[in-house]
Every structure is written in C-alpha cells, then in structure tokens.
Protein chains: 2
Amino acid sequence: MATDVLDATFAALADPTRRAILARLREGEATVTELAAPFAMSQPGISKHLRVLERAGLISRGRDAQRRPCRLEAARLRDAVDWLADYRSYWEESYQRLDALLGELDHDGPDATERGTP
Amino acid sequence: MATDVLDATFAALADPTRRAILARLREGEATVTELAAPFAMSQPGISKHLRVLERAGLISRGRDAQRRPCRLEAARLRDAVDWLADYRSYWEESYQRLDALLGELDHDGPDATERGTP
DNA sequence: CGGTTTTATAACCAGACAGTTTTCTACCGC
DNA sequence: GCGGTAGAAAACTGTCTGGTTATAAAACCG
C-alpha cells in the first residue's frame, strides 16, 4: 500500500465533519446541499471537505444537471483496515495478558513463574 | 466512540513517520534514540512525533534511568478498526457488484434476472 | 565533583488546513 | 433570454503541523 494513499485516507478520516459525511453517504448518494444541511457551516466549507474526501478516493462524484451527487467509495477504507490488520494480534495479545493477570490475582496471587525477576 | 479520540487516532496515523514508528514498536519496546535512528530527522523532531502518538494513546512510555522506552498500545487501533467496520459491508458490496458484472460479461451477457428492471 | 548520554523544552519558520465572505459558472424552468 | 438554484473558485484569516536549532534537565560514569 502506497504511503501517500494511507496519508490521505487517514488524514481525511481525522475530521469529524468528514466522518459524518461518509456516514450520511452510507444511506445513498447525496448532493452537496443535502450533505451541508445538518452542519452549521457554509456551503463552500462543505465543498472543501468534499474535495478532501474526493482526493483521498473516499467519495466519487457524478453529474445530474447542476447537481454533483456524491457517492461513497468504500474501497479505500478497506485499504486502511488492511493496514490496521497487521496490528490486530497486538491488541489481542494485550487482552490475553490482561486476562491472564486478572486470572492470577483472582485465585492464586502473583508468583514468580515466567516472570523473570533476577 | 468519542469523536475526539477518533480525531486524534486518525490524525496520528496520517503521518508516514509515525506509522513507521508504530511498525518498529511491534518488535518490542524502544528508546527515543533507537526510534530516531532510521530517520533523517533531528531528535526533537522524533520526540514531537512521539508526543503526538502518546497523546493519541497509541504508545505509552516507561522510565529506565535517562531512557524513556516506548511501547505500542494497540487498543486504540482497535477503536479505529471498530469504526471502520461499520463500512465493511459497503466495500464488500462493491466487490459483489464487480464480481457479478464480470461473471455476466464472461459467459452470459447481461440479462435482467435478479436485476429488478420494472 | 565533572563530563557524557538521553530526552525534553523553547523559540522560531514555512506551509497546510479549516473556516469565512464574495464572486463566478452552469444549468434549469418559464 | 432571464431569474433562480447548485456548486465551485478566489481571496483572506487564524490556527495547527512538521520541521529546524539551541538549550536545559536528569541521570549515569569515572
């Protein structure tokens, strides 16, 4: 996965307005004014966010007379998940450690087995 | 999931240096100078990146004499994946559509079965 | 103690970013 | 063609970011 693709994807996702726009687009295509409606923000403000999302490949835009309907392009999100998947074992591992620790404290108390206290 | 947690997490992941630092930390704890070594960047530059990662909860730091070893905290990555998981069906759906289209073109040509053209 | 190592802090800079208002373009309906 | 609507573009602002250098703080070593 190209690093600048991940850069743009994660940067686009780092803004709550843009995440809300993506969430809205799960319900289907929407025009700019439809997307702008829920926000206390000017129309050009929303257009800027849409340009960020488009350049990150997270949305695409059609043409319907004066309207430029936006649609979700979820494939790039999969790229992000693919990157994150490499870390999955690490957060699972920490769960296992926590689990083991709680188990020990619960019925045994900590002992030095496997703990390496030289 | 609190929106500012996701803001900080995705923003932290949007930088290739920081992603490389996280990747390095999968191999175990590392000191600041160890983390800085692979990069053509000053030590304070790396320290700034580490502070961003720490404030996002993606790493934690210990104390070993003058050293401040960093360790990966993968749980926050799981939060990011949890958010992304809500979109999984959307990218899978587009795969299915592509699959169906390719299948059609391959051996049948498009017909109206299961397509709902009223 | 004095010197070295490790890290953090401060001050600064260029550029990107989020937002605004104003203006321009394109298209529709009449 | 004219007026209204949808959206983009431009210009400006304040703030955040990513980087630098120089300096300070803390802990070790001899």
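What you see is a predicted model; the values in this text were computed from it and never measured. All values below come from the heavy atoms of this structure, side chains included, with hydrogens, waters and symmetry mates left out. Letters A, B, ... are given to chains in the order of the sequence lines, protein chains preceding strands, and every chain is numbered from 1.
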Between CD of A:Gln66 and P of C:dC27 the distance, given in whole Å, is 9 Å
Just how far, in rounded Å, is P of C:dT6 from CD of B:Glu34? 9 Å
Among the nucleotides D:dA10, C:dT7, D:dA27, which one has an atom lying closest to any side-chain atom of A:Pro44? D:dA10
Upstream residue (5' side of DNA chain C) when B:Leu50 and A:His49 are each assigned their closest nucleotide: B:Leu50
Which part of the nucleic acid, if any, lies within reach of A:Thr17 when heavy atoms closer than 4.0 Å are counted: base, sugar-phosphate only, or nothing? nothing
To the nearest angstrom, how far is B:Arg55 atom CZ from D:dC16 atom P? 11 Å
Atom pair SG (B:Cys70) and CG (B:Leu50), whose distance is rounded to the nearest 0.5 Å: 4.5 Å
Let me confirm one number: the CH2-CG distance from A:Trp83 to B:Leu77, rounded to the nearest 0.5 Å. 6.0 Å
Side chain of A:Arg18, backbone of A:His49: donor and acceptor closer than 3.5 Å? no
Hey, which of these two, B:Arg67 or B:Lys48, hits DNA chain D nearer its 5' end, going by closest nucleotide? B:Lys48
Whole-Å distance between D:dG19 P and B:Phe39 CZ? 10 Å
Can you figure out which of C:dA8, D:dT20, D:dA27 approaches the side chain of B:Ser47 most closely? C:dA8
A:Ala65 side chain: which of D:dA8, D:dG7, C:dC28 is closest? C:dC28
Give the nucleotide from the list D:dA8, C:dA10, C:dT7 with an atom nearest to the side chain of A:Gln43. D:dA8
Taking CD1 from A:Ile46 and C1' from D:dG7, how many angstroms apart are they, rounded to a whole number? 13 Å
Any B:Arg63 side-chain N or O less than 4.0 Å from OP1/OP2 of D:dA27: yes
Please state how far atom CZ in A:Arg68 lies from atom C1' in C:dC28, giving the value in whole angstrom units. 16 Å
I want to check one thing: is the phosphate of D:dA8, taken as OP1 and OP2, less than 4.0 Å away from some side-chain N or O of A:Arg61? yes
Going from CD1 on A:Ile21 to CD on A:Glu34, what distance comes out if it is rounded to the nearest 0.5 angstrom? 12.5 Å
d(CG, B:Asp64; P, D:dA26) in whole Å: 17 Å
The side chain of A:Ser42 lies closest to which of these nucleotides: C:dT21, C:dA8, D:dT5? C:dT21
Test: B:Glu73 and B:Arg76 ion pair at under 4.0 Å: no
Would you classify A:Thr33 as touching base, sugar-phosphate or nothing, given that sugar-phosphate means primed atoms plus P, OP1 and OP2, and contacts are heavy atoms under 4.0 Å? sugar-phosphate
What is the distance from CE of A:Met41 to P of D:dA8, rounded to the nearest Å? 15 Å
